[in-house]
Amino acid sequence: MRYLLLALAWTAYCTLHSAMISETATGLLKRRLGDSFRFYRLLFNSIAVLTLIPVLWYSHSLRQAAIFRWEGVWLVPQYLLLGCGILFVVAGGRALIDTTYV
């Protein structure tokens with residue numbers, strides 16, 4: 001039951017996150033906010049962080065023994081995945097800056 005609640009919390013968070021960035025939501029806010037829409041990303045990120053905190057808190061409260069550990073030869077894929085993640089963050093940031101200030 002606890003993990004079902006956790007899955008529902010993550011599903012709700014991801015749904016809200018996706019809905020807030022959808023073209024429908026941003027178009028509506030752009031029309032309603034006018035010039036103030038330039039602060040939308042600040043609002044989006046604030047809401048994203050504030051709604052993520054309870055999900056992470058609940059997830060952390062369920063901590064149990066690890067079912068898998070990255071040890072030995074498994075450290076290689078761990079660091080490769082970490083490197084890919086960093087590259088995606090950097091590429092996403094660059095794409096955001098390129099589209100924002102053009």
Side-chain angles (χ1 to χ4, degrees):
M1 184 65 180
R2 295 180 314 172
Y3 292 105
L4 177 61
L5 183 58
L6 180 62
L8 290 173
W10 276 111
T11 301
Y13 172 79
C14 293
T15 302
L16 174 66
H17 192 270
S18 296
M20 286 177 27
I21 201 67
S22 71
E23 289 183 24
T24 304
T26 54
L28 175 71
L29 287 170
K30 196 178 286 188
R31 287 189 300 277
R32 291 195 184 235
L33 297 177
D35 253 2
S36 297
F37 182 75
R38 66 178 182 246
F39 297 110
Y40 175 69
R41 286 196 176 134
L42 180 62
L43 175 68
F44 173 83
N45 287 321
S46 299
I47 291 172
V49 168
L50 289 174
T51 55
L52 181 62
I53 290 170
V55 177
L56 289 176
W57 176 80
Y58 184 68
S59 179
H60 184 71
S61 73
L62 298 177
R63 291 280 182 207
Q64 294 184 4
I67 57 172
F68 180 79
R69 293 193 188 274
W70 297 93
E71 296 176 343
V73 72
W74 289 105
L75 288 174
V76 174
Q78 178 190 20
Y79 288 118
L80 287 173
L81 288 170
L82 179 62
C84 287
I86 291 169
L87 287 174
F88 285 143
V89 168
V90 170
R94 285 186 164 192
L96 179 64
I97 288 170
D98 289 346
T99 59
T100 303
Y101 299 107
V102 171

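Keep in mind that this is a model prediction, so the values were computed, not measured.
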For the residue pair Y58 and R2, what are the closest heavy atoms and their distance? OH-O, 3.2 Å
How long is the straight-line distance from OG of S59 back to CG of L5, given to the nearest 0.5 Å? 11.0 Å
Working to the nearest 0.5 Å, report the span between OG of S18 and OH of Y13. 9.5 Å
Heavy-atom closest pair (A48 atom, T51 atom, distance to 0.1 Å) is O-OG1, 3.3 Å
Going by heavy atoms in the side chains, are H17 and F44 under 4.5 Å from each other? yes
Do L52 and L42 belong to the same hydrophobic cluster, where Ile, Leu, Val, Met, Phe, Trp and Tyr are linked whenever their side-chain heavy atoms lie under 4.5 Å apart, directly or via other members? no
Do you know which two heavy atoms are closest between W10 and V55, and how far apart they sit? CE2-CG1, 3.4 Å
So which atom in A25 and which in A19 form the shortest heavy-atom distance, rounded to 0.1 Å? CB-O, 3.2 Å
Got more than 12 heavy atoms from elsewhere within 6.0 Å of CZ, F88? no
Smallest separation among heavy atoms of L16 and I47, with atom names: CD2-CG2, 4.4 Å
Look up atom CZ in R69 and atom CD in Q78, then write down how far apart they are to the nearest 0.5 Å. 12.0 Å
Minimum-distance pair of heavy atoms, taken over all atoms of W70 and L81: CH2-CD1, 4.2 Å
From OG1 (T26) to CZ (R41), nearest 0.5 Å: 10.0 Å
